[in-house]
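What follows is one structure encoded as structure tokens, with my remarks underneath.
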Amino acid sequence: MIRVQLEDFDVGTELAKLSDGNLGVGGVCSFVGLVRDMTKDGKIGAMTLEHYPGMTEKALADIDAEAHSRWPLQASLIIHRYGRLEPGDRIVLVAAASAHREAAFEACHFLIDYLKTRAPFWKLEQTGTGGKWVDARDDDDAAARRWHSVNKAAE
Amino acid sequence: MKALYFAWVREKTGCSVEDVTLPKGVGTVAELIEWQMGRGGGYAEAFGDAKSIRVAVNQTHVGTAHPVADGDEVAFFPPVTGGTP
């Protein structure tokens, strides 16, 4: 399941819902992304996440489907926020539930790495001197690349 | 076609969405970027560094050789930065 929303989410509630009623789930692995107060350019007061409504949902659904095609997942979840966020705020939650831990760990890691390079979000950081758009990072691309062939069906 | 602009591409062009009639001879993303650059002003600035522009046609990431046609939704934006550090 995917959700793109302005409002915060409760991690405990979301994870409980993910496996609720599914006794085939043996483990749930999750990752929560938070806004930091520091970047390489100094302290930030807040950030605004812009996104592309429509494409965001499509991109996240594609990433989610890709995870299900590669690992035997019982359930998965991506929640991504947009709008104005302050240091300490939750930005993103990804979770994967499976019968055994390995698929849950790997799929969770895959989901967050792929999301970073595929989902159309842009960060505007507000510092003391104004706003600055955050550049994409080469190591994010590298992190996503290492999954290119993992558990992928032969083509 | 419908053109959309996000993040600093939107700020530089001063436009978030507009209807564009595809000029004659523009049939690919690369040609469309070149035409955008030729519009001058904020467009020239936004599209001046073509390597920093990413494009989606009908909400799917595409390369510069991808075709564009009337009726398409074409979005221009910087490389994406979702998730968390």
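We use all heavy atoms of the structure for the numbers below, so side chains are in, but hydrogens, waters and symmetry mates are not. Lettering follows sequence order; numbering is per chain, from 1.
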Per the ring pair (Phe, Tyr, Trp, His ring centres under 6.0 Å) rule, which among A:Phe121, A:Trp122, A:Tyr82 passes with B:Phe6?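 That would be A:Trp122; it is the only one of A:Phe121, A:Trp122, A:Tyr82 passing the ring pair (Phe, Tyr, Trp, His ring centres under 6.0 Å) with B:Phe6.
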Original post:
Would you say the side-chain atoms of A:His109 and A:Arg146 include a donor-acceptor pair closer than 3.5 Å?
Top reply: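 A:Arg146 and A:His109 do have a side-chain donor-acceptor pair below 3.5 Å.
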Subject >> Check: A:Glu57/A:Tyr52 side-chain N/O donor and acceptor closer than 3.5 Å >> reply: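 No, because no side-chain N or O of A:Glu57 sits under 3.5 Å from a partner of the opposite role on A:Tyr52.
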| What's the spacing between B:Met1 CE and B:Leu4 CG if we round to 0.5 Å? |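 B:Met1 atom CE to B:Leu4 atom CG measures 8.5 Å (nearest 0.5 Å).
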Exercise for review: Would you give the length of the straight line joining atom CH2 of A:Trp133 to atom CH2 of B:Trp8, rounded to the nearest 0.5 angstrom?
Suggested key: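 Here the rounded value is 11.0 Å.
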Which of residues 52-74 of chain B get closer than 4.5 angstrom to chain A, counting heavy atoms alone?
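Listed by number: B:Ala56, B:Asn58, B:Gln59, B:Thr60, B:His61, B:Glu73.
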Next item on the list: Could you tell me which residues in residues 9-20 of chain B have at least one non-hydrogen atom under 4.5 Å from a non-hydrogen atom of chain A, sorted by residue number?
Entry: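 From residues 9-20 of chain B, the residues near chain A are B:Arg10, B:Glu11.
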Checklist entry - Does the pair A:Arg81/A:Asp8 count as a salt bridge with the N-to-O cut at 4.0 Å? => result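 Yes, this pair counts.
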Review point. A:Thr48 versus A:Leu85: any side-chain heavy-atom pair under 4.5 Å?
Key: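 Not touching, per the 4.5 Å side-chain cut-off.
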- Plane angle bin for A:His148 and A:Tyr114 - parallel if under 30°, tilted between 30 and 60°, otherwise perpendicular: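 Judged by the thresholds at 30° and 60°, the geometry between A:Tyr114 and A:His148 is perpendicular.
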Item checked: Option passing side-chain contact (heavy atoms from CB on, under 4.5 Å) with A:Ile2 (candidates A:Leu60, A:Ile63, A:Ile79) ->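 With A:Ile2 as partner, side-chain contact (heavy atoms from CB on, under 4.5 Å) holds for just one option, A:Leu60.
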